[in-house]
Number of protein chains: 2
Amino acid sequence: MGTVGKAIFLLEQFSTEQPEYGLSDLAQKVSFDKATTRRLLVSLAEHGMVEQDAETRRYRLGPGVSRLARIREWHFPLQKMCAPFVRDLARETGETVHLSEYSAGTLLTVQVELSARANRVNVDVGQPLPLHGTASGIAFLTCARPEITKACFEGRMEAFTRFTHTSRDALEKAVNAARARGYSRGDQGFEEGVASVAAPILNTDGIAIGTLAVASPMSRIDAETTERYGRLTMQAAEAIACQLNGGAA
Amino acid sequence: MGTVGKAIFLLEQFSTEQPEYGLSDLAQKVSFDKATTRRLLVSLAEHGMVEQDAETRRYRLGPGVSRLARIREWHFPLQKMCAPFVRDLARETGETVHLSEYSAGTLLTVQVELSARANRVNVDVGQPLPLHGTASGIAFLTCARPEITKACFEGRMEAFTRFTHTSRDALEKAVNAARARGYSRGDQGFEEGVASVAAPILNTDGIAIGTLAVASPMSRIDAETTERYGRLTMQAAEAIACQLNGGAA
DNA sequence: GTCACGCGGTTCGCTATTTGAACACCGATT
DNA sequence: AATCGGTGTTCAAATAGCGAACCGCGTGAC
């Protein structure tokens, strides 16, 4: 791994559950030398990508990352643009809706609108979703760049539940079915008792950049509602794509 | 400059005005070798910090930066938290209000609420504000970490207008006056015809992390309104700090 | 058509940067 | 005061980065 790879790897250790690290913690977690870790952190800190608490000496993400993100959101306002669609879909279905964006091998949850019901599916912002094991992932694979699909098919497929597709064959079948249908179904592939539908959000070239998904407890779901949610999700994803790309159209 | 420094420097070239670069453009802009630039970009792309348009082959900021920013905002929701205060202050004053956060030597504009008046001051999100030349900067310096103040006093002070403080003496006087007053005044130090007041936002240690500022056209401002806006800004900044740090309190 | 230019991308020997074990430090805790 | 858990620093060894020169491709001039 190159030096910048390591530096970014450090940044990626920070999460909502673990937003701060001491030097040694972090060095151990990524198994770099303490000295190395420190030099990287100092470099990052010089540019505001991390900051060190003056008192506790612990490190956390700095203002620099927010700055970069604002620049990106400025000319590619995925989140802002999708917010109303996500809300509407959540209202129409009464279920948890989440929006994900593809990044470096997985789908990252960007936005979540939780169901108002007591029995609901919880998804966290920032949570990565495996391509092979979720409705979102399968929807994404229906229109992903060939390299990505290939890498996914050829990689190891972890089994999250006893329903997870773990063979290339099974996955390919699921993807093809989803492609034909226009939306994907995920039956407890990632978490037992959860059924989802998802549709890809396409860019101008017809390549998926992310997905929109509805996740419900199995108990509330039958073939008919699945179909209904699937259609709604698909329509919302298309509307998003339309606004993202065309503007008007 | 170390390798990670260079990598981040690349990221910092992207801005709202110039959100995309070709390889050669970028290499020339930062004056690195093309090969170097490319290697860095590839490393960054592997982690989603930049992405390359499949068609035009140009590079832009990737989803990775948004992800990191979301993690940061999650446990340090500066922007979300400040939004209502910024709006209220804008409503009370009828002028443009902007919130900045300190990062790597300057204040970065995080949020702007523009005045509804036709004749108003415009500030862009992401715009960096020099410490020595703006009301925000001076407010920040009243409670900055000593190293920062020192570096600023000893560094070169660019003159943006004929009113900019360019000597250590003048700046120090302005900072001291602001500290005594509780808020800073900036009279056309950055842009002619613009008068601002600003107050620092402090962390638990009493160190400034950012500023809140009101910017008005000179024509609408007199000593009395300046004083009024100053007080309002100060109060809002204190309220923000209180909520950021204490929670309740 | 073809020539030359500009562009993205790649190669490979040289060298400077990074590396990490060992060490120094500082503040709590016993 | 001695031990522990942590941050931060040093320096010879080695690894990773560097960049001039290179390829291949598309484009526009002539």
Side-chain angles (χ1 to χ4, degrees), chain A residues 1-14 18-62 104 145-148 150-151 203-205 207, chain B residues 1-14 18-62 104 145-148 150-151 203-205 207:
Chain A
M1 195 186 324
T3 331
V4 307
K6 292 188 189 178
I8 300 175
F9 190 57
L10 282 188
L11 292 178
E12 289 176 341
Q13 303 311 309
F14 297 94
Q18 176 95 47
E20 284 193 342
Y21 285 94
L23 175 58
S24 302
D25 296 356
L26 189 51
Q28 191 184 8
K29 171 141 196 192
V30 298
S31 41
F32 299 160
D33 189 90
K34 246 188 331 175
T36 304
T37 307
R38 178 153 203 284
R39 252 176 324 96
L40 293 172
L41 285 170
V42 168
S43 300
L44 290 169
E46 270 164 15
H47 295 264
M49 304 304 285
V50 299
E51 60 188 2
Q52 187 176 25
D53 190 299
E55 193 183 353
T56 67
R57 317 250 85 189
R58 291 157 71 81
Y59 296 88
R60 55 168 174 268
L61 291 173
R145 307 268 302 286
E147 315 91 83
I148 299 174
K150 190 154 170 289
N203 68 9
T204 32
D205 305 327
I207 300 295
Chain B
M1 195 186 323
T3 332
V4 307
K6 292 188 188 179
I8 300 174
F9 190 56
L10 282 187
L11 292 178
E12 289 175 341
Q13 303 311 308
F14 297 94
Q18 176 94 45
E20 284 193 341
Y21 285 94
L23 174 58
S24 302
D25 297 355
L26 189 51
Q28 190 183 7
K29 172 142 196 192
V30 299
S31 42
F32 299 160
D33 189 89
K34 238 185 344 169
T36 304
T37 308
R38 177 151 206 285
R39 255 175 315 99
L40 294 172
L41 285 170
V42 168
S43 300
L44 290 169
E46 270 165 15
H47 295 264
M49 304 304 285
V50 299
E51 59 189 359
Q52 187 175 26
D53 189 299
E55 193 182 352
T56 68
R57 317 248 85 192
R58 291 156 70 80
Y59 296 88
R60 56 167 173 270
L61 290 174
R145 306 270 299 287
E147 316 91 84
I148 299 173
K150 191 153 169 290
N203 68 9
T204 31
D205 305 328
I207 299 296

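Both backbone and side-chain heavy atoms feed into the values below; hydrogens, waters and symmetry mates do not.
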Below 3.5 Å is the cut-off: list the nitrogen or oxygen pairs between protein and nucleotides 26-29 of chain D, distance only.
none

Interface polar pairs with nucleotides 21-28 of chain C, N/O, under 3.5 angstrom:
none

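A/Glu20 contributes no side-chain N or O that, together with a main-chain N or O of A/Gly22, makes up a donor-acceptor pair within less than 3.5 Å.
Positionally, the nearest nucleotide of DNA chain D for A/Tyr59 lies more toward the 5' end than for the other of A/Tyr59 and A/Val4. Along DNA chain C, the nucleotide closest to B/Thr56 and the one closest to A/Phe32 are compared, and the more 5′ of them pairs with B/Thr56. With the nearest nucleotide of DNA chain C identified for both B/Tyr21 and B/Arg39, B/Tyr21 has the one nearer the 5' end.
Put simply, CG on A/Leu26 is 14 Å from C1' on D/dG6, counting in whole angstrom units.
Below 30°, between 30° and 60°, or above 60°: for B/Phe32 and B/Phe9 the angle between ring planes is between 30° and 60°, a tilted geometry.
A distance of 6.5 Å separates CG in B/Leu10 from CG in B/Leu44, rounded to the nearest 0.5 Å. Note that the CG atom of B/Asp53 and the CZ atom of B/Arg60 stand 4.5 Å from one another [nearest 0.5 Å]. Here the CZ atom belonging to B/Arg38 is positioned 12.5 Å from the CG atom belonging to B/Leu26, to the nearest 0.5 angstrom.
A close approach under 4.0 Å does occur between a side-chain nitrogen or oxygen of A/Thr36 and OP1 or OP2 of C/dG20.
Contacts of A/Ser24 with the nucleic acid, taken as non-hydrogen atoms under 4.0 Å apart, include base atoms.
Among the nucleotides D/dT9, C/dG8, C/dT19, the one closest to any side-chain atom of B/Leu23 is C/dG8. Comparing C/dG9, D/dG8, C/dT19 by their closest approach to the side chain of A/Lys6 singles out C/dT19. The side chain of A/Gln52 has D/dT7 as its nearest neighbour among C/dG20, C/dT18, D/dT7.
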